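Indexing begins at 1, ligand by ligand and atom by atom, following the structure's order. These numbers were taken from a predicted model, which means no experiment stands behind them.
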Amino acid sequence: MKPETLAIHASNLVKTATGDVTPPLNLSTTFFRGEDGGYPGGHMYSRVSNPNRSALENTVAKLEYGEDAAAFSSGNTCGLAVFQALKPGSHIIAPDDMYWGIKKQLLTIFNEHLEFDFIDQTDLNLIQRSIKPNTQLIWIETPSNPLLKITDIEEIAKIAKAKNIPLVCDSTFASPILQNPILLGADIVMHSSTKYLGGHSDILGGILVTAKKDELWEKIKNIQQTGGAVPSPFDCFLLTRSIKTLAYRMKGHSENGKIVADYLNGHPNVEAVFYPGLESHPQHEIAKKQMKDFSGMMSFLVKGNVETAHKVVNKVKLFAQATSLGGVESLIEHRYSVEGPDSKTPKNLLRISVGLEHIDDIIADLAQALG
Ligand SMILES: Cc1ncc(COP(=O)(O)O)c(C=O)c1O
């Protein structure tokens, strides 16, 4: 089945006594055992699994062409689980433009247990040169947050496979509709489901999908089920509901995104626009090869300085000046001030998540804010 169909039907597989067409919310934390001591309903205890989480994991695994999925209580917890699954002393090759919250995990939680290098992963030779005997993971993020850098998943997968190093791809900015890293050779794909999967800025979650149930995956599943940083049944229920419209929301985000990127690109008060759908984007050809469309995520440099950038975000009326992304409503954010003084993000950079409002209203708001 095509993604549009899977997104609607993959979570509806549970047959209930009441014949529900959509999966009901199942809040039970514990499940009856059968006379033989087994679990006839397929679930034992809701930290380990529950019907709503299984429906979610099954749906996203299918959308990402993977064998299995593990849902977590946030996108960051996905990072935590992958890093915890590595042997102490392992080396990780990570992107220089890595989502700062996951980068912060490496710098502040795993700094005594793991080694890591943050490198420009658009340079394939640099990736090759950065591999060490103890390299146990290549983590990529494409498109990256906040500079929208594109890394070539297929080429990096070849490098990783040749050295038997697992490749994990944070594909949050693309969603499973626009990019499927497993089909391009990645071992695990990660999404902050807080973003496009949820789509309404009201659920915190994360999900990992694996190409195969190997040793690393068994460790990650154990961390999920024994560690217990799992989403609630209600979060899973909301997510499976949101995912039903994901394909159509991504069409709308991408359509509006392109128009906004073109508008900003031609604006006299804008110095540069980072959007993989623009021909001027340095990795536009790679983006075209591995993405079906380019979403509503972009960032741009305001002509001027940090004060000029702050003036713009303080002037918007329709856009919400707030962090996060992927919701139906348009958001704008000054990234440097969120990431803090160690951030390498330019001080005049604004990141926007283009929502699903009418494009004329979105452009009118940007026009009045940019002057
Ligand atoms: C690319 C990317 N990865 C991971 C995360 C972390 O997700 P969460 O906020 O759900 O923990 C984010 C959050 O902004 C993100 O943008």
Within the structure provided, determine whether His200 and Leu238 are in side-chain contact (heavy-atom separation under 4.5 Å). no
Could you tell me whether the side chain of Lys149 reaches within less than 4.5 Å of the side chain of Thr142, counting heavy atoms only? no
Per the ring-ring contact (aromatic ring centres under 6.0 Å, His included) rule, which among Phe116, Phe118, Phe83 passes with Trp139? Phe83
Scan side-chain atoms only and decide if Ser28 and Asn26 contain a donor-acceptor pair under the 3.5 Å cut-off. no
When you compare the side chains of Asp170 and Thr172, does any donor N or O come within less than 3.5 Å of an acceptor on the partner? yes
Return the residue, atom name and 0.1 Å-rounded distance of the protein heavy atom closest to [atom].
{"atom": "atom 11 (O) of ligand 1", "result": "Asn76 N, 2.8 Å"}
{"atom": "atom 8 (P) of ligand 1", "result": "Gly75 N, 3.4 Å"}
{"atom": "atom 13 (C) of ligand 1", "result": "Lys195 CE, 3.1 Å"}
{"atom": "atom 16 (O) of ligand 1", "result": "Asn145 ND2, 2.9 Å"}
{"atom": "atom 7 (O) of ligand 1", "result": "Ser192 OG, 3.0 Å"}

Is it true that [X] lies under 4.0 Å from ligand 1, counting heavy atoms only?
{"X": "Leu325", "value": "yes"}
{"X": "His191", "value": "no"}
{"X": "Cys78", "value": "no"}

Which ligand 1 atoms does Gly205 reach within 4.0 Å, using its non-hydrogen atoms? 10 (O)
Result block: side-chain N/O donor-acceptor pairs under 3.5 angstrom for residues 309-316, not counting sequence neighbours:
{"unit_1": "Asn314", "atom_1": "OD1", "unit_2": "Gln321", "atom_2": "NE2", "d": "3.1"}
{"unit_1": "Asn314", "atom_1": "ND2", "unit_2": "His310", "atom_2": "O", "d": "3.1"}

Going by the closest heavy atom to atom 2 (C) of ligand 1, which one wins out of Asp170, Leu197, Thr194, Val338? Asp170
Counting heavy atoms not belonging to Lys289, are there more than 12 under 6.0 Å from its NZ? yes
Could you tell me if the ring centre of His267 sits under 6.0 Å from that of Tyr263? yes
I want to know if ligand 1 touches Glu141 in the polar sense, i.e. an N/O pair below 3.5 angstrom. no
